[in-house]
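Heads up: the structure comes next, in structure tokens.
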Amino acid sequence: MMKKMNNSYRYTLRFAVDKNIYDADKKQRLIDFVKEAHVSDVAFFINQEELSDAHITLEKAKELITNIDEVSQPLKELGITVSLNPWTTMNHSDRGIHINPKLDIKPMVNHQGVKSISMACPGYQGWADYISDIHAIWASIHPNELWLEDDFRHYKNAPFKLGCFCEDHMKQYNELLETDLSREEFVQKMFTGGENK
């Protein structure tokens, strides 16, 4: 068992693992690094960067969490906590991967009416149910921390930088404003500046 450090801080290693190429050598190198660097927590990225399939199915999530749980066992034996950093909540930006049609997720729509191919509308109930279900899968291995990825925001990468203007959101905006503005009219008023609702 690794001796616990009496530091007032926790040193977290953010770590991406691809089970397809994670062999005994990589396992030993991770363990050696964690010991030498006095890492106290390893936060595993899930479905990240080049390995990302955007919004994955719940079956794929179960496969990934099983892999991470297996890889993390030697760390836990050393007294290292394990955290999770799922890389996709709404999704960062369009990168050529379309929303899986098997999933009940509507795309974000920008202020010009352009539909995203991979970023979820955060106001759609299907996405809310999906994100709840997938986070339950992540939480199933009882991580020390379950990170909320910074893609969970309305202000996205261009051309989706101002939030979602889908039909459902436009209906909500109009209900709050007690108006019946089109997206174009709403955006025009939004960009006009000055005081307005």
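The first residue in the sequence is number 1, and the count goes up from there. Note that the coordinates shown come from a computational prediction; the quantities given were computed from them, not determined experimentally.
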Open item on the list: Testing the basics here: between Met119 and Phe160, what is the closest heavy-atom pair and its distance to 0.1 Å?
Closed with: CE-CD1, 3.2 Å
TODO: May I ask you to check whether Gln28 and Asp32 show a side-chain donor-acceptor distance below 3.5 Å?
DONE: yes
Task: Closest contact, heavy atoms only, Val39 versus Val42 - done: CG1-CG2, 4.1 Å
Open item on the list: Quick one: does any side-chain atom of Glu36 pair with a main-chain N or O of Phe33 as donor and acceptor, under 3.5 Å?
Closed with: no
TODO: Would you check if the side chain of Ser72 reaches a backbone N or O of Leu75 as a donor-acceptor pair within less than 3.5 Å?
DONE: no
TODO: Sequence neighbours left out, what passes side chain to side chain donor-acceptor pair (under 3.5 Å) with Glu149? Give chain and number order.
DONE: Asn85, His92
Open item on the list: I'd like to know if the side chain of Ser83 reaches the main chain of Ala43, judged simply by a donor and an acceptor atom lying under 3.5 Å from each other, with no hydrogens or angles considered.
Closed with: no
TODO: Test Arg95 against Glu49 for salt bridge (Lys or Arg N to Asp or Glu O under 4.0 Å), laying out the working first.
DONE: CA-CA 10 Å; Arg95 296 184 178 198; Glu49 297 288 352; 3.5 Å; yes
Please output the side-chain donor-acceptor pairs of residues 100-107 that fall under 3.5 Å, not counting sequence neighbours, one pair per line with the distance.
| from | atom 1 | to | atom 2 | distance (Å) |
| --- | --- | --- | --- | --- |
| Asn100 | OD1 | Lys102 | N | 2.8 |
| Asp104 | OD1 | Tyr124 | OH | 2.7 |
| Asp104 | OD2 | Tyr124 | OH | 3.4 |

Which donor-acceptor pairs under 3.5 Å do side chains of residues 53-65 form with protein atoms, sequence neighbours excluded?
| from | atom 1 | to | atom 2 | distance (Å) |
| --- | --- | --- | --- | --- |
| His55 | NE2 | Met90 | O | 3.1 |
| His55 | NE2 | Ser118 | O | 3.3 |
| Thr57 | OG1 | Lys60 | N | 3.1 |

TODO: Please test Phe191 against His111 for side-chain contact (heavy atoms from CB on, under 4.5 Å), starting from the C-alpha separation and ending with a verdict.
DONE: CA-CA 11 Å; Phe191 286 156; His111 68 283; 3.7 Å; yes
Open item on the list: Ignoring hydrogens, what is the shortest heavy-atom contact between Trp147 and Pro86? Give both atom names and the distance.
Closed with: O-CD, 3.5 Å
Open item on the list: Any carboxylate oxygen within less than 4.0 angstrom of a Lys/Arg side-chain nitrogen, looking at Arg183 and Glu167?
Closed with: no
Task: Geometric class of the Phe186/Tyr173 ring pair [parallel <30°, tilted 30-60°, perpendicular >60°] - done: parallel
Task: salt bridge (Lys or Arg N to Asp or Glu O under 4.0 Å) evaluation trace for Arg29 with Asp25 - done: CA-CA 6 Å; Arg29 287 171 52 199; Asp25 178 59; 3.7 Å; yes
TODO: Give the minimum heavy-atom separation between Gly123 and His169, together with the two atoms involved.
DONE: N-CE1, 3.6 Å
TODO: Flag the pair Asp69 and Lys76 as a salt bridge only when some basic side-chain nitrogen lies within less than 4.0 angstrom of an acidic carboxylate oxygen.
DONE: yes
- [ ] Search all heavy atoms of Ile131 against all heavy atoms of Thr88 and return the closest pair with its distance.
- [x] CD1-O, 4.3 Å
Open item on the list: Quick check: closest heavy atoms across Ser52 and Ile97, and the distance to 0.1 Å?
Closed with: O-CD1, 3.2 Å
Task: Any donor-acceptor N/O pair, Ser40 side chain to Arg10 backbone, under 3.5 Å - done: no
Task: Side-chain touch Cys166/Met108, heavy atoms, less than 4.5 angstrom - done: no
TODO: For the pair Asp94 (side chain) and Ile117 (backbone), establish whether a donor and an acceptor sit closer than 3.5 Å, ignoring hydrogens and angles.
DONE: yes
Task: Asn144 (side chain) donor-acceptor with Thr81 (main chain) under 3.5 angstrom - done: no
Task: Basic-acidic side-chain contact under 4.0 Å: Glu184, Lys189 - done: no
TODO: Applying side-chain contact (heavy atoms from CB on, under 4.5 Å), run through Val17 and Asn67 and close with a yes or a no.
DONE: CA-CA 9 Å; Val17 64; Asn67 291 343; over 6 Å; no
Open item on the list: Please say yes or no: joined through hydrophobic side-chain contacts below 4.5 Å, possibly via intermediate residues, are Trp87 and Tyr22 part of one cluster?
Closed with: no
- [ ] Give a yes or no on whether the backbone of Asp129 and the side-chain of Ser132 come within a donor-acceptor separation of less than 3.5 Å.
- [x] no
